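A short write-up of the structure that comes next.
Note that the numbering runs from 1 along the sequence shown for the chain. Since the structure is predicted, the reported quantities are computational estimates derived from the model, not experimental observations.
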Amino acid sequence: MTTTNQSLPMRSVYILSDRTGVTAGTMSHTLLSQFPNITFERHTIPFVDADDKVKSCIRQINSSHKKDKVAPLVFTSFTDNDFNDELKKSEGIIIDLFGPFINDLEKHLHSDSSHKSGQAHGINKEHDYMHRIDAINFSMKYDDGVRMEDYQEADLILIGVSRAGKTPTSLYMALHYGLHTANYPLADDDFEKGEIPRALLDARKKLFALTIDPAQLHKIREQRRPNSPYSSLQQCRREVMQAQQFYKRYRIPFADSTAMSIEELASFIVHRMNLEVSYL
């Protein structure tokens, strides 16, 4: 009897940036997610802003090639084209995430780009920076339904059962979009009353709900409170069903967070709610 236990093929991936690497990481993750039959071993190396750092990256890329017997994928977001040219001497496959767009923009705008790193997130943009800090502070202050008296000041209020993804999504939207986002957890008290709190009703146009697959919710809650009534599959199913009944009754738009990343959720909410955002 022959047992087959074939593992997914492995491919090394390097994400290199002369800044934090957040943008390059998001773009490369989105692209690679289209290949679910391959397992990727990711190496993110930020602040590659000098020749010696580029050479160090080349050594690591070549080492992975030797170990894996296949060329690593190398995603870059450099503003200095010389760094990409140097990396092409490595044994990796170089994928320049910004170059094609910059070249096309220079052509159509009839203007050279600055080729300076950090332009999108410059801390010298004091107004945008302070707005982002204020949004983060607001989201932390109005997290998990702790305060409800100032919901009218929110740009957005996320609701949903406990552990459906409200807090990380709120903070992401504050950090990346500058949105003052509060969140409220629907719980047994709300379901027993059969209605959502008045503070939420008064701000109904700002409400967006998250739902989640009960089995996935059960797994998440088990990590927090194992073998408890709170984390039981029966409880998860009941809460999700009752929450969805609220969404339908009050006509609250919602999204399923089960298989969506925080980035995807945030983008979906922004467009669904037609929110004005600051790309910081």
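Put simply, the side chain of Ser63 never gets that close to the backbone of Gln60: no donor and acceptor are under 3.5 Å apart.
Counting all heavy atoms, side chain and backbone alike, Asp68 lies closest to Ser12 at OD2-OG, 2.5 Å. For the residue pair Gly178 and His131, the shortest heavy atom distance occurs at O-NE2, 2.8 Å. In terms of heavy atoms, Pro197 sits closest to Tyr184 at CG-OH, 3.3 Å.
Checking Glu222 against Ser231 by side-chain atom types alone, a donor-acceptor pair falls below 3.5 Å. The closest side-chain donor-acceptor pair between Ser170 and Ser139, if any, does not fall under 3.5 angstrom. Side chains of Ser64 and Tyr14: a donor on one and an acceptor on the other come within 3.5 Å.
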- [ ] Evaluate side-chain hydrogen bond (donor to acceptor under 3.5 Å, both in side chains) for Glu263 paired with Ser261, printing each intermediate quantity in order.
- [x] CA-CA 5 Å; Glu263 295 88 347; Ser261 68; 3.3 Å; yes
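Taking Thr76 as the reference, Asn84 meet the side-chain hydrogen bond (donor to acceptor under 3.5 Å, both in side chains) condition, with sequence neighbours excluded. With sequence neighbours left out, Thr167 forms a side-chain contact (heavy atoms from CB on, under 4.5 Å) with Asp143, Leu171, Asn183.
Ionic pairing of Arg221 and Glu239 is present here: one or more N-O contacts between side-chain nitrogen and carboxylate oxygen are shorter than 4.0 angstrom. Using a 4.0 Å cut-off between charged nitrogen and carboxylate oxygen, Asp51 and Lys55 do not count as a salt-bridge pair.
Classified by interplanar angle (parallel below 30°, tilted 30° to 60°, perpendicular above 60°), the ring pair Phe246/Tyr250 is perpendicular.
A single hydrophobic cluster is not seen to contain both Ile93 and Val74; linkage of ILVMFWY side chains at heavy-atom distances under 4.5 Å, directly or through other members, places them apart.
In this structure the side chain of Thr181 never reaches within 4.5 angstrom of the side chain of Tyr142, judged on heavy atoms.
Residue pairs satisfying the salt bridge (Lys or Arg N to Asp or Glu O under 4.0 Å) criterion with at least one member in residues 165-194, sequence neighbours excluded, are listed as follows: Asp188-Arg238.
A cation-pi arrangement is found for Arg225 relative to Tyr230, the charged atom lying closer than 6.0 Å to the ring centre and inside a 45° cone about the ring normal.
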